[in-house]
Peer 1: 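Structure in structure tokens, see below.
Computation of the quantities below employed the complete heavy-atom set of this structure, encompassing side-chain atoms and omitting hydrogens, waters and symmetry-equivalent molecules. Chain letters run A, B, ... following the sequence lines, proteins first, then strands; residues in each count from 1.
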Number of protein chains: 2
Amino acid sequence: MSVGIRHDDLRRRNRAMVIAAVRRAGQPSRTEIAATTGLSHSTISAISSDLIGEGILTESKPSEAGSLKRGRPQVGLSLNPEAAAVMTVVLSLNFLSVAVIDYAGQVISEEQRRLDTLTMSRDALIGECTAIVRRRLEDPDLDVRSIARIALAIQGITDTRSRAMLWSPITPHTDIAFADILEDEFGIPATMENDCNMMAIALRWRDPDRYRDDFIAILLSHGIGMGLVLKGELFTGTHSSGGEFGHMIHQPKGALCRCGRRGCVEAYAGNYAIWRNARQLGEDAEPVADVSDADMRALATAARERDGPEREAYRKAGEALGYGLGSLFALIDPAPVAMVGVSAAAFDLIEPALREAIAQTAGGQHSKSISFDTEPNELPLIREGCAMRALTFVDQEIFAPGVQARAGLVGKNVA
Amino acid sequence: MSVGIRHDDLRRRNRAMVIAAVRRAGQPSRTEIAATTGLSHSTISAISSDLIGEGILTESKPSEAGSLKRGRPQVGLSLNPEAAAVMTVVLSLNFLSVAVIDYAGQVISEEQRRLDTLTMSRDALIGECTAIVRRRLEDPDLDVRSIARIALAIQGITDTRSRAMLWSPITPHTDIAFADILEDEFGIPATMENDCNMMAIALRWRDPDRYRDDFIAILLSHGIGMGLVLKGELFTGTHSSGGEFGHMIHQPKGALCRCGRRGCVEAYAGNYAIWRNARQLGEDAEPVADVSDADMRALATAARERDGPEREAYRKAGEALGYGLGSLFALIDPAPVAMVGVSAAAFDLIEPALREAIAQTAGGQHSKSISFDTEPNELPLIREGCAMRALTFVDQEIFAPGVQARAGLVGKNVA
DNA sequence: AGTATTTTTTCGAGGCTCGAAAAAATAGGG
DNA sequence: CCCTATTTTTTCGAGCCTCGAAAAAATACT
């Protein structure tokens with residue numbers, strides 16, 4: 001249950017804190033770090049001296065701009081790009097992409113590949129993933145030994161321990177323990193992450209002012225996904241990656257959802273649902289497997305041009321999202337929302353109905369003040385999030401290694 | 001943002017840990033504490049010696065039962081009842097109750113009082129609360145100086161910082177900063193808690209095996225409330241006490257809710273909703289102010305006797321609760337549920353429809369394994385929860401006082 | 001009464017952070 | 001060009017804290 005703090009944990013945690021401060025701030029001086037962490041100058045000096053000695057941090061030239069001050073100039077500390085490297089693997093519908101990223105966060109090498117994820121066999125899918133990773137590892141420019149961690153993201157449900165994909169819309173196969181597979185194959189620690197959670201992490205790094213302690217990232221794509229950060233931590237379910245916003249019930253016994261159930265938010269707001277409604281196929285029509293981005297854009301254009309079934313389809317999507325958000329907000333209170341994915345580009349068509357619906361709910365009490373941001377392209381976000389996820393793992397578990405993980409401290413997500 | 005750990009925090013945290021271990025275990029020996037906290041025997045010995053010296057813990061006679069072991073017998077440590085005392089104030093519909101509790105958790109003194117909360121003026125309501133507290137404080141048997149904290153619970157929405165009631169069904173008045181009012185009046189630190197959160201805390205103390213890290217307490221009363229513990233911590237909204245399960249939307253544009261909106265879960269499952277449906281008044285009928293427990297029991301009896309509108313009313317309640325839980329479970333994964341309140345006594349009437357509905361949802365994937373427990377009487381639970389809340393505050397903030405609360409450490413709820 | 005066993009305390013060692021003072025590095029002024 | 005004021009960084013001793021090992025305490029068994 002609860003566990004005491006041992007003396008040796010102290011240094012470990014404070015080391016992690018210093019590394020985190022440098023990762024966040026970019027090039028902070030020792031003095032700045034002392035200020036943000038609340039530790040004394042002596043401590044910061046000692047820790048950063050260690051970290052520099054170990055090749056984790058480097059001293060960079062004093063920041064040029066502010067050299068009009070008197071006194072000894074500050075020396076910036078920055079992450080040593082060569083301290084380590086991580087790999088990200090993003091598996092989405094018909095698309096596989098991998099990148100190698102240095103310790104400072106720069107992409108060193110990448111590869112992308114189309115494949116037919118829906119029809120591939122289980123082994124073929126796993127094979128493609130290991131093969132693409134192997135090709136990157138065998139890249140002659142790359143020092144393989146420096147790859148400290150692999151983070152793999154997939155659309156769908158993963159388990160809380162970040163080991164396996166439990167279910168995904170991009171493949172009929174279930175329960176693939178990707179993290180274990182990659183670990184066994186390459187001997188590199190790996191984790192399996194949910195795509196929307198990675199989006200949330202990326203948003204936080206991109207715009208920490210807007211996306212700080214509490215916010216929501218919603219993926220408006222073929223399906224509807226969500227990444228949720230609450231009180232500064234990534235929120236996951238207790239068993240699975242959780243946050244299945246798309247499968248909250250909007251309308252009991254309502255429209256047929258891709259998941260086989262009825263009335264889910266997704267069954268009104270997913271691309272296939274918008275498509276189905278725009279084509280007036282009826283709510284019982286079997287969801288189509290995929291709608292191309294081009295088709296969705298055409299739908300949006302049509303909806304903007306005339307008041308017809310297309311516009312009504314987006315209105316319904318907005319209504320479902322609005323009631324869903326309203327129920328969510330009843331539980332967690334309103335927070336900034338980022339709408340990500342193709343249909344985020346059509347948010348102008350969705351927003352009016354969404355706001356009207358949310359105003360009908362308990363969570364929408366201050367519906368005017370709830371702010372939405374849109375980002376049509378989810379892939380770069382997912383990749384960035386994966387990279388930061390893997391890098392912070394290295395920060396914490398390799399460069400600030402502690403006593404062997406002890407009960408009560410394990411499984412805390414840091415967004 | 002993130003903050004370093006200072007050397008002096010160490011002792012403070014480990015002290016708190018030892019106190020917590022004693023409060024949980026009852027009469028643990030030093031050896032047991034060392035085992036559960038992971039700290040060394042020397043450390044536990046030193047800390048407990050301090051705590052005994054300060055009068056916080058006492059040594060109790062070795063536990064009798066297990067005296068068949070060889071070796072030096074264990075000396076049990078227990079909380080010194082006289083170390084401090086706390087007061088709980090529970091304000092519910094037409095009822096005010098207060099109790100004084102010693103440091104070991106025993107009730108020393110209590111008082112209860114009926115009043116007409118719905119019609120009272122704001123000042124009268126506040127006045128009743130301060131008066132009843134004052135009467136307890138002036139109790140000649142009581143050493144006033146030892147009251148270290150007051151925890152006040154109310155049905156309704158409170159703010160995250162536990163200072164004020166924002167809205168409550170028991171009174172038309174809003175935004176009453178009860179915690180500040182009591183603090184100013186008596187100079188004793190006070191907090192304002194949500195009733196369902198206190199229920200959750202109490203359940204955890206009562207049955208830590210069933211209610212450990214993740215569980216849900218649902219109040220089935222005139223309104224529907226929820227207390228939620230996730231990953232071992234009380235879950236609250238980001239601004240308010242949150243967890244307004246009763247106001248998740250079950251049916252867009254559906255039945256009229258007491259909150260003025262439409263289609264909330266409560267508008268189908270609250271006592272007034274069951275009453276309204278049983279009387280076949282229609283979904284637009286204005287919610288009645290109160291239904292007596294006796295009337296609700298009569299309703300349940302009628303529903304058990306014949307298949308009529310009463311039974312249908314309970315079925316509708318079950319359906320709304322089921323879909324609501326399904327949506328909730330989509331977000332957080334299934335967890336054990338405790339149904340508390342008058343209508344929990346009619347859970348046999350509610351359960352079939354509830355299970356059927358939940359099986360239609362994403363969160364109900366393993367609906368058979370979701371287990372429900374019932375507890376018809378909410379008041380004792382709320383009182384117990386309040387007491388434990390106040391006592392753990394004393395444990396942590398008075399008997400293990402730290403550096404002045406620093407950013408990042410504040411606002412963590414410990415259930 | 002003596003031995004084995006278990007719990008608790010004692011004691012010295014090693015680490016960590018802190019505050020104060022010293023050292024280092026620069027800008028400004030005469 | 002040198003000296004002083006200023007700011008950052010390092011150094012050093014002090015004070016705590018936890019730990020492991022050994023000692024002390026308290027009981028059951030033989």
Side-chain angles (χ1 to χ4, degrees), chain A residues 3-18 22 27-53 57-77 400 402-404 406, chain B residues 3-18 22 25 27-53 57-77 400 402-403 406:
Chain A
V3 79
I5 302 181
R6 306 174 52 134
H7 206 194
D8 24 340
D9 287 349
L10 242 173
R11 213 4 163 353
R12 187 192 129 259
R13 296 202 193 186
N14 287 338
R15 266 175 77 103
M17 197 90 45
V18 170
V22 175
Q27 277 202 350
S29 70
R30 292 169 176 79
T31 310
E32 284 176 61
I33 298 176
T36 60
T37 60
L39 298 173
S40 73
H41 288 191
S42 350
T43 303
I44 301 300
S45 182
I47 292 177
S48 41
S49 159
D50 284 358
L51 292 173
I52 291 171
L57 299 185
T58 51
E59 291 193 332
S60 45
K61 285 299 97 194
S63 49
E64 306 74 30
S67 65
L68 26 71
K69 280 195 310 185
R70 227 139 97 135
R72 179 171 173 172
Q74 303 191 351
V75 181
L77 294 177
V403 193
Q404 207 49 279
R406 289 147 77 213
Chain B
V3 78
I5 302 181
R6 305 177 49 138
H7 207 195
D8 24 339
D9 287 349
L10 243 173
R11 213 3 161 359
R12 187 191 129 260
R13 295 202 194 188
N14 288 339
R15 266 174 77 103
M17 197 91 43
V18 170
V22 175
Q27 277 202 353
S29 69
R30 292 168 175 80
T31 310
E32 283 176 60
I33 298 176
T36 61
T37 60
L39 297 173
S40 72
H41 287 191
S42 349
T43 303
I44 300 301
S45 182
I47 292 177
S48 39
S49 159
D50 283 359
L51 292 173
I52 291 171
L57 299 185
T58 51
E59 292 193 332
S60 44
K61 284 301 97 195
S63 50
E64 307 73 31
S67 65
L68 26 72
K69 280 194 311 184
R70 220 129 104 132
R72 178 171 173 174
Q74 303 191 352
V75 180
L77 295 179
V403 193
R406 291 148 77 213

Peer 1: Can you measure A:D8 atom CG to C:dT17 atom P for me and round it to whole angstrom units?
Peer 2: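 The distance from CG of A:D8 to P of C:dT17 comes to 12 Å, rounded to the nearest Å.
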Peer 1: In whole angstrom, what separates B:L10's CG from C:dT17's P?
Peer 2: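 Answer to the nearest Å: 10 Å.
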Peer 1: Quick one: are A:L77 and A:Q27 in side-chain contact, heavy atoms under 4.5 Å?
Peer 2: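 Heavy-atom side-chain distance check fails, nothing below 4.5 Å.
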Peer 1: Check the distance between C:dA13's P and A:H7's NE2 and give it to me in whole angstrom.
Peer 2: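 In whole Å, C:dA13 P and A:H7 NE2 are 17 Å from each other.
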Peer 1: Within this structure, what is the CZ-to-P distance between A:R6 and C:dC16, rounded to whole angstrom?
Peer 2: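 From A:R6 CZ to C:dC16 P: 13 Å.
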Peer 1: Just checking, any donor-acceptor pair under 3.5 angstrom between side chains of A:T43 and A:S40?
Peer 2: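 There is such a pair (donor and acceptor under 3.5 Å, judged by atom type) between the side chains of A:T43 and A:S40.
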Peer 1: In whole Å, what is the span from the CZ atom of B:R11 to the P atom of D:dT18?
Peer 2: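 The answer, rounded to whole Å, is 5 Å.
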Peer 1: State, with a plain yes or no, whether a side-chain heavy atom of A:V3 is found less than 4.5 Å away from one of B:T37.
Peer 2: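 Heavy-atom side-chain distance check fails, nothing below 4.5 Å.
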Peer 1: Counting primed atoms plus P, OP1 and OP2 as sugar-phosphate and everything else as base, spell out the protein contacts along nucleotides 5-11 of chain D at 4.0 Å heavy-atom distance: B, S or - for each nucleotide, 5' to 3'.
Peer 2: SBBBBBB
Peer 1: Without decimals, in angstroms, what is the distance between A:R15 CZ and C:dC16 P?
Peer 2: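 Between P of C:dC16 and CZ of A:R15: 10 Å.
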Peer 1: Using a cut-off of less than 4.0 Å, is there contact between a side-chain N or O of B:N14 and OP1 or OP2 of D:dC17?
Peer 2: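 Checking B:N14 against D:dC17: no side-chain N or O falls below 4.0 Å of OP1 or OP2.
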Peer 1: Does any N or O in the side chain of B:S49 come within less than 3.5 Å of the main-chain N or O of B:S45, such that one atom is a donor and the other an acceptor?
Peer 2: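 Checked: no pair found.
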Peer 1: Listed by chain and number, what are the ring-ring contact (aromatic ring centres under 6.0 Å, His included) partners of A:H41, not counting sequence neighbours?
Peer 2: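 In terms of ring-ring contact (aromatic ring centres under 6.0 Å, His included), with neighbours along the sequence ignored, A:H41 is linked to no residue.
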Peer 1: Do the side chains of B:R13 and B:I5 get nearer than 4.5 Å, heavy atoms only?
Peer 2: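 The answer is yes; the side chains approach within 4.5 Å.
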Peer 1: At under 4.0 Å, does any side-chain N or O of B:T43 touch on OP1 or OP2 of D:dC19?
Peer 2: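 Yes, B:T43 has a side-chain N/O under 4.0 Å of OP1/OP2 on D:dC19.
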